[in-house]
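Worth knowing before you read on, the calculation uses all heavy atoms, side chains too, and leaves out hydrogens, waters and symmetry mates.
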Amino acid sequence: MAEYVVEFGKDGRPVEPDGRLDAAAFHRNHAPIWAVLQKFLIGKSGDALEAGSGTGQHVVHFARHTPDIIWWPSDYNEAHLKSIDAWLKHSGLPNIRSPLRIDLSDPAWCDQMHDGSGPGKLLAVFCANVIHIAPWRVAEGLLAGAARYLRPDGRLFLYGPFKRDGKHTALSNAVFDTSLRERDAEWGVRDISDVERLADGVGLVLIETVEMPANNLILVFGRR
């Protein structure tokens, strides 16, 4: 089951005086996620962006293991942006840039992607637990932006729960999907085939599907 639907900072977990938020999911999933990402990232250099960074803990973990990659965290929620910035400063890592405020429903993402103050063509885009707790237009904007900004050898890593051929992969995901749709009719666990069709329409292709703990997957997309 996907790990969160409650806004970080409003989930009952402690908030540090500097604004750092802590996600329980990070402590459970960062190691298996990194095990997948490192196969592509280790030994490479360039810019990488995390779309929907939440607390900011994942991007710090990734940056610590990839000193030759410049990481650009992002989010749309102001409390999350404050937490990301606080984690950045707490880490002391030189290869993390200030968080970008990105509206993923807009395929252009943000002005910094165009005005020279943001990253160049991206080696990687990582996005975890976003498209099932957002309207479908967020998935559309995420994939359209990734297709626009990834360099030719770049990859999009999409982590979360997914259906296969219209069916849930676990009872817990089915229950979770029902709860999401009851909360907001535009939310819900997405089907891999729908995401793949969306990717195909913007020039991305599904390269790999990786089984993850807790009935999650990582979908890996590349440029066609």
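- Geometrically, R101 engages Y76 in a cation-pi contact defined by less than 6.0 Å to the ring centre and at most 45° from the axis.
- A donor-acceptor contact under 3.5 angstrom links the side chains of S53 and E50, judged on distance only.
- Side-chain contact of W72 with D47: a donor-acceptor pair under 3.5 Å is present, judged by distance alone.
- Remark: the Y159 side chain and the N129 side chain contain no N/O donor-acceptor pair separated by less than 3.5 Å.
- Using a 4.5 Å cut-off between side-chain heavy atoms of Ile, Leu, Val, Met, Phe, Trp and Tyr, with links allowed through other members, V210 and V205 fall into different hydrophobic clusters.
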Under 3.5 Å, which donor-acceptor pairs do the side chains of residues 115-126 form with other protein atoms, sequence neighbours left out?
unit_1, atom_1, unit_2, atom_2, d
D115, OD1, S117, N, 2.9
D115, OD1, S117, OG, 2.5
D115, OD2, S117, OG, 3.4
K121, NZ, R148, O, 2.6

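- Around the CG atom of D111, the shell of radius 6.0 Å holds no more than 12 heavy atoms that belong to other residues, nucleotides or ligands.
- Using the six-membered ring where Trp is involved, H58 and F62 have ring planes that are tilted, between 30° and 60° apart.
- The six-membered or imidazole ring of H168 lies away from that of F176, with a centre-to-centre distance of 6.0 Å or more.
- Remark: E186 engages R137 in a salt bridge, criterion side-chain N to carboxylate O under 4.0 Å.
- A salt bridge between D194 and R197 is present, with a side-chain N of the basic residue lying under 4.0 Å from a carboxylate O of the acidic one.
- Among residue pairs with one or both ends in residues 215-224, those qualifying as salt bridge (Lys or Arg N to Asp or Glu O under 4.0 Å) are D200-R224; sequence neighbours excluded.
- Taking the six-membered ring where the residue is Trp, H61 and H65 present tilted rings, their angle falling between 30° and 60°.
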